Amino acid sequence: MYLAENQMNRKIVTIIVAVACCCAVRAQDIPFALKASVYGGYILPMTKNLEAVATPPALGGEIAVEFPAMGNYAWQRYWGMPTVGVGFVGMDLGNKAVLGQAFALYPYLLVPIVKRDHFHLNYKIGAGISLFTKTWNRCDTLSGVNAPTANSAIGSILNVYLMTGVNFEFPIKNNVSITADIGYNHMSNGSVLQPNSGLNMLHAQIGAKYTFEQCRHCKKPLPPADRFPYDFSLVFDVSGCVRELYYKDNRRYPVGTVQVSMTANVARWYAIGGALHAFYDGAFVQQGTRDGVSYTQHTHFGRYFIPDENVANKFRAGVAIDNEFIIGRLTAYLQWGVYVYDPLHNANPEPHTKHGYNRPMFYTYDIDKEDGWNYFRLGLRCRVWDNLFVSVNLKTHLQKAEMLTFGIGYQIPFTRIREAGARQRYIVYHPDKTRQRPENQNQWQPMGGDSSEAPHFSIGR
């Protein structure tokens, strides 16, 4: 296994070198920058296991390739000419015997906040994948999840990597800059494999950046569209995957979500609205112990008490506030929801200290003992053809991940157009068509070059 890990590490280095060489060859065609930095992090001890095994600091390094915006796409102008980057980070997590090392590959976006000659401040957000050399199965699996020799934070080699923070850049001269980052990252598998408490880390970076500005084919872009291509939209999305309820069961259950949402664009990059969710979780089988009655034929998990093997127990429904951040073909969203149908509302081994087994819709609760009355969904969808998209979604109860799902869906954007007189009506917007808004014939012209050219990708295209 160690030989396989060494081979994997060599492959990763080979890929990085190949990408760097390709970037150097394309330096005359596409402006880009190379960045290297040292990396230090502090793992937040959010579980008893991490209190015992997380030994600060986590140390490592990061290399990245960044592509400054040239204004060829409308979404770049909408976001204030952000920088798109791809980073690769490797770190020692401080406890080699239990936590080992982690590697992450992730694309990110640097959104300008302040830009001066000798100081840049950017908001940084990214998402990708992470790999670990130590997991639950590579450590002590006999002494329990809280043992100081166990790794209950990471249950699988492959995990998600989510990060957010701020980036500082101090240009010096000759295209050289000093850079620094302060941020927060999360790594887990979304409960696909247990145990999966995940790693949450505060981190800081400091490094240097060199920008290659030569570009033989860059065009001076035209101004972006005055208004967003569509005014509001409906989204239909179906997603699914599997999850493991308890690490001792060695059994996975199907999970899925159906979503219908409607949002209105209040800015060129942001939309807000509401969503309806129907959740299916096959893990809610007969289980648990209460008042001397115990069901352990399916699972030894003790978080729920479900006395009946009823399919209705596996469904939940909720309504949510939907916040969407539109980045060209990509849309990132954060949803906060409340359950309106939850048969597991009182499915707990212990009664509530105030309400007993008759909890109202809203109540105080301990997230370590029950899910509660609300949920979060973080997601990313990518338009692949016309208004058809694929998506990845993570549902949580506060910091507790419940399910990771992958989906497919369709967005129906509506555009308001003016007809003769003051009459207005809405039509469905199809981003792959070149039609223009009747009230503004210059609205959707191509960005750069002759206006008769087929447009490159602009927002919604």
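The first residue of the sequence shown is numbered 1, and numbering continues consecutively from there. Not measured: the values here are computed from a predicted model.
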- Regarding R316 and the six-membered ring of F279, is the cationic atom NZ or CZ under 6.0 Å from the ring centre and inside 45° of its axis? no

- Message: Under the rule for side-chain hydrogen bond (donor to acceptor under 3.5 Å, both in side chains), what residues qualify as partners of Y363, not counting sequence neighbours?
- Response: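 Testing Y363 for side-chain hydrogen bond (donor to acceptor under 3.5 Å, both in side chains), a comparison that skips the adjacent residues, returns E370.
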
Anything under 30° is parallel, anything over 60° is perpendicular, the rest tilted; go ahead and classify [X] against [Y].
{"X": "Y426", "Y": "F232", "answer": "perpendicular"}
{"X": "W79", "Y": "W269", "answer": "tilted"}
{"X": "W336", "Y": "W373", "answer": "perpendicular"}
{"X": "F168", "Y": "F170", "answer": "parallel"}
{"X": "Y230", "Y": "F228", "answer": "perpendicular"}
{"X": "F103", "Y": "F88", "answer": "parallel"}

Considering all heavy atoms of both residues, which atom of [X] and which atom of [Y] are nearest to each other, and what is their separation?
{"X": "F305", "Y": "G288", "result": "CD1-C, 3.6 Å"}
{"X": "L59", "Y": "G40", "result": "CD2-CA, 4.2 Å"}
{"X": "P56", "Y": "Y42", "result": "CB-CD1, 3.7 Å"}
{"X": "M81", "Y": "A69", "result": "CE-O, 3.5 Å"}
{"X": "W75", "Y": "P82", "result": "CZ3-CG, 3.7 Å"}
{"X": "A58", "Y": "M201", "result": "CB-CE, 4.1 Å"}

Side-chain contact test, heavy atoms from C-beta onward, threshold under 4.5 Å: evaluate it for [X] versus [Y] and give yes or no.
{"X": "L199", "Y": "L50", "result": "yes"}
{"X": "Y247", "Y": "T141", "result": "no"}
{"X": "L193", "Y": "T135", "result": "no"}
{"X": "I43", "Y": "L99", "result": "yes"}
{"X": "Q287", "Y": "L245", "result": "yes"}
{"X": "T263", "Y": "S233", "result": "yes"}
{"X": "Y410", "Y": "L388", "result": "yes"}

Does H300 have more than 12 heavy atoms from other residues, nucleotides or ligands lying within 6.0 Å of its NE2?
no

Margin query: Looking at D366, I'd like to know if its CG atom is crowded, meaning that more than 12 non-hydrogen atoms belonging to other residues, nucleotides or ligands lie closer than 6.0 Å.
Written below: yes

Residue pairs fulfilling salt bridge (charged side-chain N to carboxylate O under 4.0 Å, His left out) with at least one residue in [range], sequence neighbours excluded:
{"range": "residues 391-400", "answer": "D368-K400, K395-E402"}
{"range": "residues 277-304", "answer": "R243-D281, R303-D371"}
{"range": "residues 123-133", "answer": "E62-K124, K124-D181"}

Any donor-acceptor pair under 3.5 Å from [X] side chain to [Y] backbone:
{"X": "N159", "Y": "N189", "value": "yes"}
{"X": "N346", "Y": "L344", "value": "no"}
{"X": "H352", "Y": "T364", "value": "yes"}
{"X": "T405", "Y": "G256", "value": "no"}
{"X": "R359", "Y": "F362", "value": "no"}
{"X": "T289", "Y": "P349", "value": "no"}
{"X": "S261", "Y": "G274", "value": "no"}
{"X": "N95", "Y": "V53", "value": "yes"}
{"X": "H345", "Y": "P360", "value": "yes"}
{"X": "N151", "Y": "I154", "value": "yes"}

Next on the checklist: Taking the basic N atoms (NZ, or NE/NH1/NH2) and the acidic carboxylate oxygens, is any pair closer than 4.0 Å for K369 and E350?
Outcome noted: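 No salt bridge links K369 with E350.
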
[X] and [Y]: side chain donor to acceptor below 3.5 Å:
{"X": "D249", "Y": "T299", "result": "yes"}
{"X": "Y108", "Y": "T83", "result": "no"}
{"X": "Q101", "Y": "T133", "result": "yes"}

Margin query: Evaluate V285 against K314 for side chain to side chain contact (heavy atoms under 4.5 Å, CB included), listing each step before the verdict.
Written below: CA-CA 8 Å; V285 294; K314 302 179 181 182; 4.1 Å; yes

Working to the nearest 0.5 Å, report the span between [atom1] of [X] and [atom2] of [Y].
{"X": "I417", "Y": "R425", "atom1": "CD1", "atom2": "CZ", "result": "4.0 Å"}
{"X": "M403", "Y": "Y375", "atom1": "CE", "atom2": "OH", "result": "10.5 Å"}
{"X": "Y365", "Y": "I367", "atom1": "OH", "atom2": "CD1", "result": "5.0 Å"}
{"X": "E66", "Y": "L110", "atom1": "CD", "atom2": "CG", "result": "5.0 Å"}
{"X": "D386", "Y": "Y429", "atom1": "CG", "atom2": "OH", "result": "10.0 Å"}
{"X": "L378", "Y": "L334", "atom1": "CG", "atom2": "CG", "result": "5.0 Å"}

The side-chain contact (heavy atoms from CB on, under 4.5 Å) partners of I206 (sequence neighbours excluded) come to V38

Discussion item. Checking S391 now: which residues fulfil side-chain contact (heavy atoms from CB on, under 4.5 Å) with it, not counting sequence neighbours?
Written reply: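 Checked S391 against side-chain contact (heavy atoms from CB on, under 4.5 Å); matches are D237, Y333, R381, F389, N393.
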
Counterpart residues, ring-ring contact (aromatic ring centres under 6.0 Å, His included), relative to [X] (two or more places apart):
{"X": "Y270", "result": "F325"}
{"X": "Y39", "result": "H203"}
{"X": "F284", "result": "Y304"}
{"X": "Y246", "result": "F301"}

Residue pairs meeting side chain to side chain donor-acceptor pair (under 3.5 Å), one or both in residues 48-61, sequence neighbours left out, come to N49-S152

Using the salt bridge (Lys or Arg N to Asp or Glu O under 4.0 Å) criterion, which residues pair with R252? Sequence neighbours excluded.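 Checked R252 against salt bridge (Lys or Arg N to Asp or Glu O under 4.0 Å); zero matches.
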
